[in-house]
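Notes to accompany the following structure.
Note that the coordinates shown come from a computational prediction; the quantities given were computed from them, not determined experimentally.
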Amino acid sequence: MRVDSPSDETMSVTPEVVPFTDGLSPQSLLLLSLALVMGLLIVIAFSRRKSRSRGTALLLVGPSDAGKTAILSTMAFTGTLPSHTSLQVNTSLMPVSPVGILPVIDIPGHPRIRDQFQEHLVNARAVAFVVDASTISRNGSTVAEHLHHVLNAITSLPPSHLAPALLILANKCDLMKTATSSVSPAEVAISRVRTILERELEKRREAQSSGMGVEGLGAEGERSDMGGLDCSSPGGIFKFADWEGGEIDFAGTWVNVGEFKSDEKEGAATDGLASLRSWLGATFTMT
């Protein structure tokens, strides 16, 4: 009988694969895992940021007779034209330094058509809510109702869309009376508008929290499930500074209908819209 020896045939050898992690200590493995997770999170966050869209237009919204169209005509045509309550959406282009030319969409404040702003919200980089500061004491609840719709719409935007910047314009502040010369009419107007709207919006938040719903405040046909009033303040009390939907800015403005003044010494427009122009310039140049 012949016995085969190992040299009589070719032996097959399978190479052993040794994971590179075998030589790492538990601490090194932990650090490597954390680094991989952090890298993955950075890639995901960067890709989401790039995919989120941003609008390019300015949206003018607010109650009727607040002065939206007067502001638009002053900034677009360097003169304030006589206007009347509008019942259709107005669009125009206006120059803003240092941005250039901005598209502007003026939404009428009539209750039947004011919600058309939602059709243009995805195209807005900024929203200016215009309030007549001289009459806010008499119609604060109505103005707050309108603003509630705007806040709800902004917080309801899809995650893929960046929320527009929001400015509340206390317009017609030249009609405000000041007790001392140390306080400007614009400061008085902003303080009044802020205080009244915070109070009225807090009433609406409380009504929703109690289960009564905002329709119990006298707003006919209004939805009871509107959100947009969440705040980070203690107890959730509505304060513009604590609004969870983003930062809300304020400015005081005024225009003279039928005329346009120019400061010959400085060469700058003195139409009462300097604060709005400054805000737009900063907002539209932000990356």
Side-chain angles (χ1 to χ4, degrees), residues 44-45 47-63 66 68 89 91 103-131 140-169 194 197-233 235-250 279 283-284 286:
I44 293 175
S47 62
R48 282 187 175 181
R49 185 176 178 181
K50 290 185 65 176
S51 64
R52 297 179 76 185
S53 59
R54 184 191 293 272
T56 58
L58 167 64
L59 206 57
L60 287 176
V61 299
K68 298 185 297 297
V89 175
T91 59
V104 187
I105 307 171
D106 173 16
I107 307 295
H110 191 281
R112 292 185 179 179
I113 54 180
R114 67 186 183 186
D115 283 347
Q116 290 183 12
F117 81 90
Q118 298 184 49
E119 302 173 9
H120 304 276
L121 192 58
V122 294
N123 299 319
R125 183 160 187 169
V127 176
F129 186 84
V130 186
V131 180
S141 60
T142 302
V143 177
E145 174 201 341
H146 193 164
L147 179 57
H148 189 181
H149 282 258
V150 175
L151 299 179
N152 176 66
I154 290 177
T155 56
S156 300
L157 284 169
S160 60
H161 192 91
L162 289 170
L166 179 59
L167 174 70
I168 296 181
L169 271 184
R194 181 196 297 269
L197 288 180
E198 282 184 339
R199 182 187 67 207
E200 295 297 331
L201 288 171
E202 172 59 14
K203 288 181 181 178
R204 300 175 71 80
R205 188 196 68 81
E206 284 185 336
Q208 288 183 323
S209 299
S210 64
M212 181 177 70
V214 291
E215 69 273 14
L217 298 178
E220 183 179 354
E222 192 172 3
R223 289 171 47 196
S224 61
D225 60 342
M226 279 201 306
L229 298 182
D230 293 331
C231 288
S232 58
S233 54
I237 297 175
F238 185 87
K239 295 291 183 183
F240 287 113
D242 301 321
W243 185 55
E244 293 186 353
E247 183 177 355
I248 300 178
D249 297 312
F250 284 79
W279 184 83
T283 299
F284 279 83
M286 290 175 58

Query raised in the report: Where is the tightest heavy-atom contact between P63 and F129, given as atom of each residue plus distance?
Result: CD-CZ, 3.9 Å
Report summary line: Minimal heavy-atom distance between F284 and T56, with the atoms involved, is CE2-O, 3.4 Å
Query - Which atom of H161 lies closest to which atom of V122, heavy atoms considered - result: CE1-O, 2.6 Å
Query raised in the report: Side chains of V61 and R114: closer than 4.5 Å at any heavy-atom pair?
Result: no
Report summary line: Minimal heavy-atom distance between F240 and E198, with the atoms involved, is N-OE2, 3.0 Å
Query raised in the report: Does the side-chain contact (heavy atoms from CB on, under 4.5 Å) test come out yes or no for T155 and D230, once each step is laid out?
Result: CA-CA 10 Å; T155 56; D230 293 331; over 6 Å; no
Report summary line: Test side chain to side chain contact (heavy atoms under 4.5 Å, CB included), reference L58, set V127, V104, I105, output is V104
Query raised in the report: Which distance, rounded to the nearest 0.5 Å, do you find between the CG of L121 and the CG of L157?
Result: 4.5 Å
Query raised in the report: Between CG of L169 and CG of L60, what distance do you get to the nearest 0.5 Å?
Result: 8.0 Å
Query raised in the report: In Å and rounded to the nearest 0.5 Å, what is the NE2 to OG1 distance from H146 to T142?
Result: 11.0 Å
Report task. Provide the closest heavy-atom pair for P164 versus A126 in the form atom of the first, atom of the second, distance. Result -> CB-N, 3.9 Å
Query raised in the report: Are C231 and I237 side-chain neighbours, meaning at least one heavy-atom pair lies under 4.5 Å?
Result: no
Report task. Decide, yes or no, whether a salt bridge links R199 with E202 under the criterion of side-chain N to carboxylate O below 4.0 Å. Result -> no
Query raised in the report: When you measure from the side chain of Q118 to the backbone N and O of A153, does any donor-acceptor pair fall under 3.5 Å?
Result: no
**Report entry** Straight-line distance of N152 CG to L147 CG, nearest 0.5 Å
**Finding:** 11.0 Å
Requested in this report: Taking the side chain as every heavy atom from C-beta outward, state whether I154 and W243 have any atom pair closer than 4.5 Å.
Outcome: yes
Query - Spacing of CD belonging to E247 relative to CG belonging to L166, to within rounding of 0.5 Å - result: 10.0 Å
Requested in this report: Take H148 and E200, measure what side-chain contact (heavy atoms from CB on, under 4.5 Å) needs, and give me the verdict at the end.
Outcome: CA-CA 10 Å; H148 189 181; E200 295 297 331; over 6 Å; no
Query - Under 3.5 Å donor-acceptor, K68 side chain and V130 backbone - result: no
Report summary line: So CG of L197 and CZ of R204: to nearest 0.5 Å the spacing works out to 11.0 Å
Query raised in the report: Hey, mind stepping through E206 and K203 against salt bridge (Lys or Arg N to Asp or Glu O under 4.0 Å) and telling me if it holds?
Result: CA-CA 5 Å; E206 284 185 336; K203 288 181 181 178; over 6 Å; no
Query raised in the report: Does L151 reach the side chain of I248, with side-chain heavy atoms less than 4.5 Å apart?
Result: yes
Query raised in the report: Do you know which two heavy atoms are closest between L229 and F238, and how far apart they sit?
Result: O-CD1, 3.6 Å
